*Asks:* 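The following block contains the structure, expressed as structure tokens.
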There are 2 protein chains.
Amino acid sequence: MQPATAITDTDAAIASGFERFYETLRRLTPRGPLSLTAASTLRRLERSGPHRLSELYAPEGISQPAMTQLVTRLEKEGLAERTDDPTDGRAVVVSITDAGRAAVAHRRAVRAAALSELLQGLTPEEHAAVVAALPALEKLSDFAAERAT
Amino acid sequence: MQPATAITDTDAAIASGFERFYETLRRLTPRGPLSLTAASTLRRLERSGPHRLSELYAPEGISQPAMTQLVTRLEKEGLAERTDDPTDGRAVVVSITDAGRAAVAHRRAVRAAALSELLQGLTPEEHAAVVAALPALEKLSDFAAERAT
DNA sequence: CGTCATTCATAAGCTGGTGATATAAAAGGG
DNA sequence: CCCTTTTATATCACCAGCTTATGAATGACG
């Protein structure tokens, strides 16, 4: 009996390639003051505005106490801030600060520079192939984000 | 004054796309018994055979004591094993066990299944674009690996 | 062989996560 | 209107996996 979703050889090759590429990306921004989750959360706040704490922890894949602590840390470093929700006394609204935006931008620039260096080793054809695949990769990210809802 | 490596708009777009896609991949294999580094190390042992401990920690981006501890954990779980190097009494040779190979295979299968599901949402053209970009991604990984030497 | 280098292990401490539980506000039924 | 239940966040105790500093054992070599 086949599993519900049979995996083709092509898809297996994609998975294998992505597996290695993931490790490459992981090491491309070696060590900063921000954890992976911290950076990801800041990017989310930058990208889609303030959120309640309860809307943050699930999509980031961590528990609610972990997000409470993360926000506390970010607040202590001046990268994010807590605000009371006037319509709900229990809730807390988290938003990114200017310093937070700057931190995200810096991290992004460092990674882009390292990546750019690698990209220079590609032939024009390979470079074009990467560019051509970008919309598909974005679409995959969209799917994954939806599914997490 | 321009930085040594000026970054084109295209490369910035690639970096931006990769940034998001990285997060997608990160959440695609949610929670296993293996840490990211543990899984990566096992894959390395599987892919390129036994290694001395000192050859492992740098490419994995962790300190030597961290690798000692990681190998101890992997050994305790039966996924890897230590052997004495007959030619050097100080050295330790680490190799993957059958159980380790099975763990890697399982993890790979889980990720491949999740990814395959996402891939089904792509049009044939998008799917082909991803496949076409794979060699370039692999080359980027090779570059990054070299640079770490 | 005595000294220095290399290889791995150990120790102590930090960061970022977990589950269980506390606190406080909102919601809702009788 | 209470009283109970649910929801939103915080706190607590604990653990995994990393760090730096250091130790122990073997190898290399003048």
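Reminder, nothing fancy here: chain letters follow the sequence lines and each chain counts from 1. Worth saying up front: this structure is predicted, and the values here are computed from it rather than measured.
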*Asks:* Only pairs at least two apart or in different chains count here, so list each salt bridge (charged side-chain N to carboxylate O under 4.0 Å, His left out) that has a residue in residues 51-74 of chain B.
*Replies:*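 Found R27(A)-E60(B), R44(B)-E60(B), R52(B)-D85(B), R52(B)-D88(B).
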
*Asks:* Listing request: all salt bridge (charged side-chain N to carboxylate O under 4.0 Å, His left out) pairs with a residue in residues 130-139 of chain A, at least two apart in sequence or in separate chains.
*Replies:*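 The answer is K139(A)-E126(B).
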
*Asks:* Got a sec, which residues hit side chain to side chain contact (heavy atoms under 4.5 Å, CB included) with P50(A), two or more places apart in sequence or on another chain?
*Replies:*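 Residues passing side chain to side chain contact (heavy atoms under 4.5 Å, CB included) with P50(A): V93(A), S95(A).
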
*Asks:* Quick one: D84(B) CG to dT7(C) C1', roughly how many Å, whole number?
*Replies:*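 These atoms are roughly 13 Å apart.
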
*Asks:* Please state how far atom NZ in K76(B) lies from atom P in dA9(C), giving the value in whole angstrom units.
*Replies:*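 Taking NZ of K76(B) and P of dA9(C), I get 13 Å after rounding.
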
*Asks:* Which donor-acceptor pairs under 3.5 Å do the side chains of residues 99-108 of chain A make with protein atoms, sequence neighbours left out?
*Replies:*
from	atom 1	to	atom 2	distance (Å)
R108(A)	NE	E19(B)	OE1	3.0
R108(A)	NH2	E46(A)	OE1	3.4
R108(A)	NH2	E19(B)	OE1	3.4

*Asks:* Along nucleotides 4-19 of chain D, 5' to 3', which nucleotides get a B, which get an S, and which get a -, given that the test is a protein heavy-atom distance under 4.0 Å?
*Replies:* ---BSBBB-----SBB

*Asks:* Not counting sequence neighbours, which residues clear salt bridge (charged side-chain N to carboxylate O under 4.0 Å, His left out) with D84(B)? List them please.
*Replies:*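 Partners of D84(B) by the salt bridge (charged side-chain N to carboxylate O under 4.0 Å, His left out) criterion come out as none, since no residue qualifies.
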
